[in-house]
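For this chain, numbers begin at 1 and follow the sequence in order. All values below come from the heavy atoms of this structure, side chains included, with hydrogens, waters and symmetry mates left out.
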Amino acid sequence: MTDLIMVRVTCPSQRVAEDIAEAVVEARLAACANISGQVSSTYRWKGVVEQAFEVELTLKTTESHWAAIEQLVAKKHPYDVPAIVALPCLQANALYETWVKENTDS
């Protein structure tokens with residue numbers, strides 16, 4: 001088992017995703033950020049079913065950075081309730097895990 005996690009954040013635009021990605025990597029909270037193409041989201045907000053296009057941001061980091069990432073993303077994100085979700089990495093190749101740890105403050 002590894003202590004690496006992938007943090008997924010849905011963003012309203014490419015620009016928001018880029019701003020968050022740069023801030024998190026610059027702060028050495030994540031070693032890498034991937035921004036995926038537009039996805040269609042359907043969700044309930046204030047009692048109404050809505051649809052919107054969003055961009056997915058994935059941050060590659062360690063569990064020890066979760067709280068700081070959650071706080072930074074919440075501060076920079078324009079949504080009232082941003083989706084910030086950590087997914088465990090069950091396994092990772094040793095060289096990659098070392099690289100992530102070397103490029104964060106782990």
Original post:
How far does NZ of Lys75 sit from CD of Gln71, to the nearest 0.5 angstrom?
Top reply: 8.0 Å

Original post:
What closest approach, in Å, do Ala74 and Ile84 show between heavy atoms, and which atom pair accounts for it?
Top reply: N-CD1, 4.0 Å

Original post:
Quick one: are Ile5 and Thr61 in side-chain contact, heavy atoms under 4.5 Å?
Top reply: yes

Original post:
Of the non-hydrogen atoms in Lys60 and Met6, which two are nearest, and what is the gap between them?
Top reply: CG-SD, 3.4 Å

**OP:** Measure the OG-CD1 distance between Ser13 and Ile35 for me, rounded to the nearest 0.5 Å.
**Re:** 9.5 Å

Original post:
With a cut-off of 6.0 Å (strictly less than), are more than 12 heavy atoms of other residues, nucleotides or ligands near CD of Gln14?
Top reply: yes

Original post:
Got more than 12 heavy atoms from elsewhere within 6.0 Å of CD, Gln38?
Top reply: yes

**OP:** State the CD1-CG distance between Ile20 and Leu72, to the nearest 0.5 angstrom.
**Re:** 8.0 Å

Subject >> Considering all heavy atoms, the nearest Ala31-Val25 contact >> reply: O-CG1, 4.3 Å

Original post:
At their closest point, which heavy atom of Ala17 faces which heavy atom of Leu57, and how far apart are they?
Top reply: O-CD2, 3.9 Å

Original post:
Pick from Val9, Leu29, Val7: which one makes a side-chain contact (heavy atoms from CB on, under 4.5 Å) with Val73?
Top reply: Val9

Original post:
Does Phe53 reach the side chain of Pro12, with side-chain heavy atoms less than 4.5 Å apart?
Top reply: no

Original post:
Between Glu54 and Tyr79, is any side-chain donor less than 3.5 angstrom from a side-chain acceptor?
Top reply: yes

**OP:** Mind running side chain to side chain donor-acceptor pair (under 3.5 Å) on Thr10 and Glu56 for me, showing each step along the way?
**Re:** CA-CA 5 Å; Thr10 50; Glu56 289 184 328; over 6 Å; no

Original post:
What closest approach, in Å, do His77 and Cys11 show between heavy atoms, and which atom pair accounts for it?
Top reply: NE2-CA, 3.8 Å

Original post:
Can you check whether Leu59 reaches His65 side chain to side chain, under 4.5 Å on heavy atoms?
Top reply: no

Subject >> Heavy atoms of other groups near Glu26 CD, more than 12 under 6.0 Å >> reply: no

Original post:
Given the rule that I, L, V, M, F, W and Y join up when any side-chain heavy atoms are under 4.5 Å apart, are Val100 and Ile69 in one cluster?
Top reply: no

Subject >> Separation of Thr2 OG1 from Tyr96 OH (nearest 0.5 Å) >> reply: 10.0 Å

Subject >> Test item: Arg44 and Glu50 side chains (from C-beta on) under 4.5 Å apart, heavy atoms >> reply: no

**OP:** Starting at CG of Leu95, measure out to CD of Glu97 and round the result to the nearest 0.5 Å.
**Re:** 10.5 Å

Subject >> Side-chain heavy atoms of Val39 within contact of Val55, under 4.5 Å >> reply: no

Original post:
Quick check: does any side chain N or O of Arg8 sit under 3.5 Å from a backbone N or O of Ala83, one acting as donor and the other as acceptor?
Top reply: no

